[in-house]
Amino acid sequence: DDVVRQLPAATSRVLTFTAAAPDAGTTTVLLNLALTLARGGQRVVAVDANVTRPGVAAKLALRPVPGLAEVLAQHLPLPWALQPTPAPSLQALAAGGADEATAAALGRDLPKLVAQLRQWFDWVLIDAGVWGVVPERDATCSAADAVYLVTREPDAERPEFAGLKGWVKQLGGALRGYVTTRA
């Protein structure tokens, strides 16, 4: 509810969720919000841009491929890679089968893909995994209306987390808040 109130009413909103360390719960946080919005009748897509440690497809019991990597590599059109979920208003774009060209494709084409998804969905929620693992993906954070940093409670005071706040702002991302999860 706080997330919805933070952003001005618009035809669609794009949120990126990222973390300073693995196992912070980024995918779980994103999917909880996605399901809440979908249950409220909003058209939502969960995009797994965490190509090094994907989790969206597994948590939703969906196919891991094809997905984002195949769309970015232009092996298939975006509509063919979207998968329905048990929640009627929620679709998912799995990470797909990433290869050595995926990082460059993320940096080059993710903003264009986000623009296309904005036309089809009320909410585009991007799981960006751990910040710094794929710098090309991180550099696209300005394509989102808001960036949320996810961290485990004990890690919130670590220097990596403080540094992450600065990097998001430096790359033009709109840092809107933090989500702490229990260890």
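Note: hydrogens, waters and symmetry copies are ignored here, and every other heavy atom, side chains too, is used. Positions are given from 1, in the same order as the sequence printed here.
- You'll find the side chain of Leu33 stays beyond 4.5 Å of the side chain of Trp123, heavy atoms only.
- Of the inter-residue distances, the one linking Leu90 atom CG with Arg43 atom CZ reads 13.0 Å to the nearest 0.5 angstrom.
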**Message:** Between Val47 and Phe121, does the side-chain contact (heavy atoms from CB on, under 4.5 Å) criterion hold? Intermediate values first, please.
**Reply:** CA-CA 12 Å; Val47 178; Phe121 296 95; over 6 Å; no
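- Around atom CH2 of Trp80, no more than 12 heavy atoms belonging to other residues, nucleotides or ligands sit under 6.0 Å away.
- Rounding to the nearest 0.5 angstrom, the gap separating the OG1 atom in Thr102 from the CD atom in Glu136 is 10.5 Å.
- The OG1 atom of Thr16 lies 4.0 Å from the CD1 atom of Ile126; values are rounded to the nearest 0.5 Å.
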**Asked** Could you walk me through whether Thr140 and Val114 pass the side-chain contact (heavy atoms from CB on, under 4.5 Å) check?
**Response** CA-CA 10 Å; Thr140 67; Val114 166; over 6 Å; no
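- Taking the side chain as every heavy atom from C-beta outward, Leu78 and Leu117 approach each other to under 4.5 Å.
- Within the 4.5 Å cutoff, side-chain heavy atoms of Asp23 are placed close to those of Arg53.
- Within the 3.5 Å criterion, the main-chain N or O of Gly55 finds a donor-acceptor partner in the side chain of Asp48.
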**Request:** With side-chain contact (heavy atoms from CB on, under 4.5 Å) as the test, would you mind laying out the steps for Val71 and Leu113 before giving the verdict?
**Result:** CA-CA 9 Å; Val71 171; Leu113 181 78; 3.8 Å; yes
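- The two residues Ala87 and Ala38 have their closest heavy-atom pair at CB-CB, 4.4 Å.
- Residue pairs meeting the salt bridge (Lys or Arg N to Asp or Glu O under 4.0 Å) criterion with at least one member in residues 88-105: none, sequence neighbours excluded.
- Note on Leu110 and Val65: separate hydrophobic clusters, where clusters join Ile, Leu, Val, Met, Phe, Trp and Tyr whose side-chain heavy atoms are under 4.5 Å apart, directly or indirectly.
- Checked for salt-bridge contact, Asp145 and Arg118 meet the test: a charged N lies under 4.0 Å from a carboxylate O.
- Rounding to the nearest 0.5 angstrom, the gap separating the CD atom in Gln83 from the CD atom in Gln91 is 9.5 Å.
- Asp138 places no side-chain N or O within donor-acceptor distance of the main-chain N or O of Trp131, the cut-off being under 3.5 Å.
- With rounding to the nearest 0.5 angstrom, the CG atom of Asn50 is 10.5 Å from the CG atom of Leu68.
- Closest approach of Val56 to Ala92, counting heavy atoms only: CG1-CB, 4.2 Å.
- The CG atom of Leu125 lies 10.0 Å from the CG atom of Leu35; values are rounded to the nearest 0.5 Å.
- Residues Asp122 and Leu37 have side chains not in contact (no heavy-atom distance under 4.5 Å, counting atoms from C-beta outward).
- In terms of modelled atom types and a separation under 3.5 Å, the side chain of Thr181 and the main chain of Ala24 share a donor-acceptor contact.
- Contact annotation: the side chain of Val134 approaches that of Leu106 to within less than 4.5 Å [non-hydrogen atoms, C-beta and beyond].
- Considering every non-hydrogen atom in both Ala57 and Arg63, the closest pair reads CB-O, 3.6 Å.
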**Message:** For Thr18 and Leu149: C-alpha separation, side-chain torsions, deciding distance, then whether side-chain contact (heavy atoms from CB on, under 4.5 Å) applies.
**Reply:** CA-CA 5 Å; Thr18 189; Leu149 306 181; 3.4 Å; yes
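- Just one residue in the list Leu31, Leu30, Val29 forms a side-chain contact (heavy atoms from CB on, under 4.5 Å) with Thr27, and that residue is Leu31.
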